Amino acid sequence: MARHLITSAIPYINGIKHLGNLVGSQLPADLFARYQRARGNEVLFLCATDEHGTPAELAAAKAGKPVAEYCAEMHAVQAEIARGFRLSFDHFGRSSSRQNHALTQHFAGRLAEAGLISEVSEKQVYSHADARFLPDRYIEGTCPNCGYDKARGDQCENCTKQLDPTDLIDARSAISGSTDLEVRETKHLYLRQSALKDELDAWIESKTDWPVLTTSIAKKWLHDGDGLRDRGITRDLDWGIPVRKGTEDWPGMEGKVFYVWFDAPIEYIACAGEWAETHELDDTDWHRWWRTDKGADDVRYTQFMGKDNVPFHTLSFPATLIGSGEPWKMVDHLKSFNYLNYDGGQFSTSQGRGIFMDQALELLPADYWRWWLLSHAPESSDSEFTWENFQGSVNKDLADVLGNFVSRITKFCRSKFGEFVPGGSPYGPAEDALIADLSVRIERYATQMDAMEVRKSAQELRAIWVCGNEYLQSVAPWTTYKTDPDTAAMQTRLGLNLAHLFAVLSAPFLPDASTKILGSLKIKEAIWPKDQSVFLSQLAKGHAFEVPDVLFAKVTDEQCDEWKARFSGVREN
RNA sequence: GGCGUUAUAGCUCAGUUGGUUAGAGCGAACGACUCAUAAUCGUUAGGUCCCUGGUUCAAGUCCAGGUAACGCCA
């Protein structure tokens with residue numbers, strides 16, 4: 001039995017994510033996790049919320065709540081929505097957990113001992129009114145280049161020129177608007193990634209089966225300009241993991257916290273610790289997933305993320321693990337995604353543009369979204385959500401091809417033979433041919449799923465559904481029944497067995513529909529098919545079933561128009 | 001500005017290491033069927049593979065130079 005450790009990029013805490021975020025990491029990760037479980041493999045699927053940093057503090061302030069309380073609430077909200085989309089995390093953790101505090105401090109200590117941490121003095125803007133240091137992008141002022149009066153401290157959005165906060169004329173805090181700013185000298189820790197450049201380079205070079213999107217981004221960062229640069233890992237903030245060297249104080253770093261990018265990926269590991277604690281397991285139970293010296297050497301680790309997260313996962317986080325000198329499990333496969341656009345523009349959290357996860361579930365059940373998003377996953381390039389495409393795809397694939405198949409075979413059986421699987425003659429040449437064809441297709445489907453080719457898997461699955469309709473159309477049991485009821489009974493029996501097969505194969509994409517079909521066929525346990533002729537004989541004469549309700553109602557033109565209008569602007573709050 | 005990704009049918013996309021007549025789904029037209037959610041199945045029509053030049057017996061595929069869209073620039 002293979003063992004799969006699967007992580008999805010962890011969503012930031014400051015609000016509900018949109019469908020673009022979902023399809024870029026959590027949803028394909030869930031597809032893979034469900035598939036591997038269905039194949040009988042051992043899976044640990046982890047995700048968490050990314051809670052530290054200035055945006056969380058500001059969002060909490062806006063909500064009028066202490067940041068810890070705000071994060072706890074938002075974590076609960078995101079967890080509930082994840083359940084709504086049937087994301088089957090074994091644990092949905094928090095980067096603010098006790099485990100992550102300890103582990104982040106541990107890594108920093110190890111890196112310091114290895115000589116991979118340097119101290120750098122830098123100048124940063126302090127706002128007296130806000131009583132905090134301001135990140136560059138939270139300083140506004142007039143651009144010295146073009147005169148635009150809302151230029152940010154890192155870049156002017158108007159003329160795109162890169163800036164330093166000190167370049168701005170009449171600089172002010174973007175938070176309070178205060179101009180009472182002061183440039184202060186402050187000391188920060190840097191991770192000396194550059195010292196590990198050759199090691200990282202060789203590691204990336206060895207990953208020949210990764211998506212080109214993944215390796216090209218990593219190589220660019222490794223070789224562009226001066227090569228891999230060192231990165232600051234500390235900030236002058238209150239909300240975060242206090243800077244400590246393992247369990248000891250770090251002189252000169254009092255009152256500082258680790259920078260969010262440093263502690264967030266470590267949460268992948270800490271999350272396993274949280275999982276163990278939740279299930280009353282001990283350290284050995286999660287070590288066997290994460291420590292190659294403690295049982296994780298046979299684990300295959302796959303990460304899922306959007307392309308914006310690739311540099312951290314290919315370079316910074318591996319640098320942390322390698323630099324620790326400890327035998328942590330490194331990622332084996334990194335599946336990255338491009339962006340999903342919305343009706344001619346980007347989805348945007350900050351601008352409230354597009355469809356957000358909670359809104360999607362108010363409109364339609366999870367399976368609809370799962371199917372469309374996965375079958376249109378932005379694998380090779382950015383892809384676009386349009387309501388027309390969504391409506392067409394969902395109606396045709398789910399309602400007409402799959403839903404209608406289940407409906408026509410169960411209703412036909414009920415009207416001719418009652419709600420029991422009929423017996424009839426044994427399978428003949430037409431049935432053997434179908435079984436042979438399906439065997440090939442299911443093999444192909446499994447190959448695509450193993451390779452995480454999401455779109456191709458969806459395509460192959462749909463082709464398998466079509467086989468069912470093709471078969472019924474060609475043998476026409478409604479005609480056969482008039483002259484040869486025994487043969488019609490056999491054809492109907494195979495049809496019902498096909499519904500069972502489709503339910504099992506579709507479960508990773510459509511967990512709810514799969515459960516519904518299995519329920520109506522009164523099948524207790526879904527077992528992945530190995531031998532198709534055996535599998536398609538499981539429902540035998542006399543097995544009772546019920547005709548299920550409509551599996552997928554169609555999206556009407558009226559709904560489509562209404563939703564299109566409703567989501568044309570930006571979200572209110 | 002630097003770098004990256006993308007460009008194939010009306011739409012969404014496949015096209016391994018260069019090798020006959022460039023594929024699929026949707027949409028369209030026509031036909032078949034009437035069990036089913038007016039669902040299904042079949043047939044047909046649609047392409048200057050972004051442009052220019054090059055390498056080669058042979059280029060959608062490789063090379064060079066353009067053009068356009070999108071993204072990243074810590």
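Quantities reported herein were computed from a predicted structural model and do not represent experimental measurements. We name chains A, B, ... by the order of the sequence lines, and we start the count at 1 in each one.
Salt-bridge check for A:E122 with A:K187: failed, with every basic side-chain N at 4.0 Å or more from each acidic carboxylate O.
Of the residues in residues 454-472 of chain A, those placing a heavy atom less than 4.0 Å from an atom of RNA chain B are A:R455, A:K456, A:R462, A:V466, A:N469, A:E470, in numerical order. Using a 4.0 Å cut-off on heavy atoms, the residues of residues 393-404 of chain A that approach RNA chain B are A:K396, A:A399, A:D400, A:G403, A:N404, listed by number. Only at 4.0 angstrom or more do the heavy atoms of residues 500-515 of chain A sit from any atom of RNA chain B, so none qualifies.
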**OP:** Let me see the working for A:N309 and A:Q303 under side chain to side chain donor-acceptor pair (under 3.5 Å), right down to the final yes or no.
**Re:** CA-CA 11 Å; A:N309 266 316; A:Q303 292 178 342; over 6 Å; no
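A search for side-chain contact (heavy atoms from CB on, under 4.5 Å) contacts involving A:H543 returns A:V421, A:K522, A:L539, not counting sequence neighbours.
For B:rA59 and B:rC49, the P atoms lie 13 Å apart once the distance is rounded to whole Å.
Nucleotide B:rG4 holds its P atom 17 Å from the CD1 atom of A:I204, rounded to whole Å. The distance between atom CD of A:Q491 and atom C1' of B:rA36, rounded to the nearest whole Å, is 16 Å. Remark: C1' of B:rU12 and CH2 of A:W387 are 18 Å apart, rounded to the nearest angstrom. Atom CZ of A:F390 is separated from atom C1' of B:rC11 by 17 Å (rounded to the nearest Å).
Ring stacking is absent between A:F412 and B:rC35, as the pair misses the limits of under 5.5 Å between centres and under 30 degrees between planes.
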Subject >> Nucleotide pairing, RNA chain B (Watson-Crick or G-U, distances under 3.5 Å), in dot-bracket with [ ] and | >> reply: (((((((..((((.....[...)))).(((((.......))))).....(((((..]....)))))))))))).
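Counting any heavy atom pair closer than 4.0 Å across all strands shown, A:Y481 reaches no nucleic acid atom.
Residue pairs meeting the salt bridge (charged side-chain N to carboxylate O under 4.0 Å, His left out) criterion with at least one partner in residues 444-454 of chain A, sequence neighbours excluded, are A:R444-A:E460.
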